[in-house]
Amino acid sequence: MKKEKYASIRKGLLQWFQLHQRKLPWRRNHLPYEIWISEIMLQQTQVKTVLPYYERWMARFPDIASVAEATEEELLKYWEGMGYYSRVRNIHKTAHIVMTDHGGEFPREHGAVLKLPGIGPYTAGAVMSLAFNEDFPLVDGNVERVFARLFDIDSPVKEKENQKLIWKTAKELIPSGMARDFNQALMELGALICLPRTPLCGDCPVSGSCESRRAGIVDQRPVAGKRKSLQPIQVAIGLLLRDGKIFIQKRPPHGLMPHLWEFPGGKIQENETPEAALVREFREELDLDICGLNKIALIRHNYTSFKVTLHAYFCTLVSPHQEPVLRTAVDGRWVTPDQLQDYAFPAANRKLIRML
DNA sequence: AAGCCGGGGAT
DNA sequence: ATCCCAGGCTT
C-alpha cells in the first residue's frame, strides 16, 4: 500500500520534473562550488532575487580559491542587499577551510560537509544530492509544505516530531541513484505547483496521492506556527558634513548587519525629539557635538520583527577640528558622496543614498 | 524550543 | 498588510 503510493509519487514527480523544470544557472553543471554558493544564496531568498547576484558572483569568483583570496569587504559588497550577512562571512570561512583542510576540493563526505560554517542539514543534503548525486534527503520550506499536504500533517510542521517524520519520509522516497533529480523535483513542485496560497492542484502530478486534497482541506495545510507582530521603531540618523565629505562608520562583527557601513545615529527614546536623539547618539557613539541639524527625509523600512522610520538629517560639527572617537563602530571614514557606492550599506541606508 | 538574522516578491 | 522564501546559529 505505502510502497505503491511511494512508487506513484516518485514516478509522477520525476516525469513532471523532466517536462517542467526551470532552466536555472546552477543546474547547468553539477560543480559542488556552484551548488554550494547557490544554496547559501537561496537560504530564505527567492530564486528571482538570487539570479542577478549569482551571475555577478560567478563572474567575479569563478572558484573556491578566488573566494579564499578575496577580502571580506569585497565579498560583502557583492552580497549587499541580499540580507542575512553572516552567510557571506561563513562562505569566506568555509573557503579557507576547504583550501587548508581539503586541498582546495569541496569535501564529498556528508559529515565533513555538515561541519562547514553556514552549512546545516538542508544545505548538506543539497550538496550531497545535487552535486554528487548521492542518496541524501533534503527538507526546505517547499518540502515541508508539499509533505504537509501530501500526508495531511495536522500540526505545525516545525514541531520536532513532524520534522523527524518529514526527514524520514524524504529519505525513504528517494529513488536509489536519482536523488539529484528527485530532490529538485520535490522543491520545484513546491515552487511552481504546490504554492503557499493558491496551489494549482489541477496541474499537480501527484494530486492523486494527496491526502489533504482527498479530504478537501488543502487550504488548511500546512498548519502555521505562532507568529509575532512587528514593533514600530523610530530612528534618527545623521549625515555629518565636513569639507564636502560625509562621515560613515562600520558596524561591529556580531549582531545586526555585521560589518556593514552606516550613517551614525540610533533609536529615538520615548518623549525624545528626533533632533535630541541624534545629538545624544553622536555623543554616545562618537563623542562628537553636532549642530546645524537640517531634516532631509523620512525613510520607512520593514525588518522581520520590527519596522523602522528613519529620521535623516544633515548636520555639522560644533568644533570643526574635533575628531570622532569610535565607541561602538569598528572603523570610521570621511568619504565623498561618490565614494558611498563603494561601501556596503543596509537597505534602509541605501534608500537614503539613492534619494540624494 | 525559541529568538535572531534582512530583504524583497506575491497576494 | 501579511505571508513567505532551496535555513543556520545562538541561547
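Quick caveat: nothing in here was measured; it's all calculated off a predicted structure. Per chain, numbering begins at 1; letters A, B, ... match sequence-line order.
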Q: Determine: side-chain N/O of A/Tyr85 to OP1/OP2 of B/dG7, distance under 4.0 Å, yes or no.
A: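 True: A/Tyr85 side-chain N/O within range (under 4.0 Å) of B/dG7 OP1/OP2.
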Q. Counting only side-chain N and O atoms of A/Gln43, is one of them less than 4.0 Å from OP1 or OP2 of C/dA6?
A.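 For A/Gln43, the contact criterion (side-chain N or O under 4.0 Å from OP1 or OP2 of C/dA6) is not met.
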Q | Residues in contact with DNA chain C, drawn from residues 122-149 of chain A - heavy-atom cutoff 4.0 Å | A |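 Heavy-atom cutoff 4.0 Å gives A/Tyr122, A/Thr123, A/Asp140, A/Gly141, A/Asn142, A/Arg145.
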Q) Going by the salt bridge (Lys or Arg N to Asp or Glu O under 4.0 Å) test, which pairs reach into residues 29-55 of chain A, not counting sequence neighbours? A)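 Not a single pair qualifies under salt bridge (Lys or Arg N to Asp or Glu O under 4.0 Å).
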Figure out the [atom1]/[atom2] separation between [X] and [N], and round it to whole Å.
X	N	atom1	atom2	result
A/Tyr53	B/dG6	OH	C1'	11 Å
A/Arg89	B/dC5	CZ	P	13 Å
A/Met82	B/dC5	CE	C1'	14 Å
A/Arg350	B/dG6	CZ	P	16 Å
A/Trp167	C/dG7	CH2	C1'	10 Å
A/Ile40	C/dA6	CD1	P	15 Å
A/Gln163	C/dG8	CD	C1'	13 Å
A/Leu76	B/dG7	CG	P	11 Å

Could I get the full list of salt bridge (Lys or Arg N to Asp or Glu O under 4.0 Å) partners for [X], not counting sequence neighbours?
X	result
A/Glu69	none
A/Arg354	none
A/Arg149	none

Q.
I'd like to check the side-chain contact (heavy atoms from CB on, under 4.5 Å) partners of A/Ser8; sequence neighbours left out, ordered by chain and number.
A.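 With neighbours one apart ignored, the set is A/Ser209.
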Q.
Once side-chain contact (heavy atoms from CB on, under 4.5 Å) is applied, do any residues pair with A/Arg214, and if so which ones, sequence neighbours excluded?
A.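 A/Arg214 satisfies side-chain contact (heavy atoms from CB on, under 4.5 Å) with A/Glu211 only.
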Q | Ring-ring centroid check A/Tyr85 A/His259, cutoff 6.0 Å | A |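 No, too far apart.
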Q: Considering only atom P, compute the distance from C/dT10 to B/dG6 and round it to an integer number of Å.
A: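 Approximately 14 Å lies between the P atom of C/dT10 and that of B/dG6.
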(Q) Please give the distance between the P atoms of B/dC4 and C/dA6 as a whole number of Å. (A)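 Those two atoms are separated by 24 Å.
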Q: Return the nearest nucleotide to the side chain of A/Arg22; candidates are C/dA6, B/dG6, B/dG7.
A: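 Output: C/dA6.
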Q. If you pin A/Glu159 and A/Gln44 to their nearest nucleotides in DNA chain B, which one's is more 5'?
A.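 Checking each residue's closest nucleotide, the 5'-ward one belongs to A/Glu159.
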**Q.** Residue whose nearest DNA chain B nucleotide is more 5′ - A/Pro258 or A/Lys158
**A.**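 The residue closer to the strand's 5' end, by nearest nucleotide, is A/Lys158.
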All N/O contacts under 3.5 Å from nucleotides 9-11 of chain C to the protein, with atom names and distances to one decimal?
unit_1	atom_1	unit_2	atom_2	d
C/dC9	OP1	A/Gly118	N	2.8

Decide, yes or no, whether a salt bridge links [X] with [Y] under the criterion of side-chain N to carboxylate O below 4.0 Å.
X	Y	result
A/Glu159	A/Lys164	no
A/Arg22	A/Glu188	yes
A/Lys168	A/Glu172	yes
A/Glu73	A/Lys250	yes

Q: If a pair satisfies ring-ring contact (aromatic ring centres under 6.0 Å, His included) and one of its residues is in residues 150-180 of chain A, list it, with sequence neighbours excluded.
A: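 The answer is A/Phe147-A/Phe151.
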Q.
Is the positively charged end of A/Arg251 above the ring of A/Trp261, judged by distance under 6.0 angstrom from the centroid and angle within 45° of the axis?
A.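 Judged by the rule, A/Arg251 and A/Trp261 form no cation-pi pair.
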Quick test: give all pairs of protein nitrogen or oxygen and nucleotides 9-11 of chain B nitrogen or oxygen below 3.5 Å, distance rounded to 0.1 Å.
unit_1	atom_1	unit_2	atom_2	d
B/dG9	O4'	A/Gln46	OE1	2.9

Q. Do A/Ile153 and A/Pro222 have side-chain heavy atoms sitting under 4.5 Å apart?
A.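 Side chain of A/Ile153 against side chain of A/Pro222, heavy atoms only: no contact under 4.5 Å found.
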Q) Do A/Thr45 and B/dG8 share a donor-acceptor pair, side chain to base, under 3.5 Å? A)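 By the distance-only test, no, there is no pair.
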Q.
By the 4.0 Å heavy-atom rule, please label A/Trp26 as base, sugar-phosphate, or nothing.
A.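 Here A/Trp26 touches the bases of the nucleic acid.
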Q) In residues 183-192 of chain A, which residues come under 4.0 Å of DNA chain B by heavy atom? A)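 Nothing qualifies; none.
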Side-chain donor-acceptor distances from residues 123-134 of chain A under 3.5 Å, at least two apart:
unit_1	atom_1	unit_2	atom_2	d
A/Thr123	OG1	A/Gln43	NE2	3.0
A/Ser129	OG	A/Gly125	O	2.7
A/Ser129	OG	A/Asn183	ND2	3.1
A/Asn133	OD1	A/Arg180	N	2.9
A/Asn133	ND2	A/Gly177	O	3.2

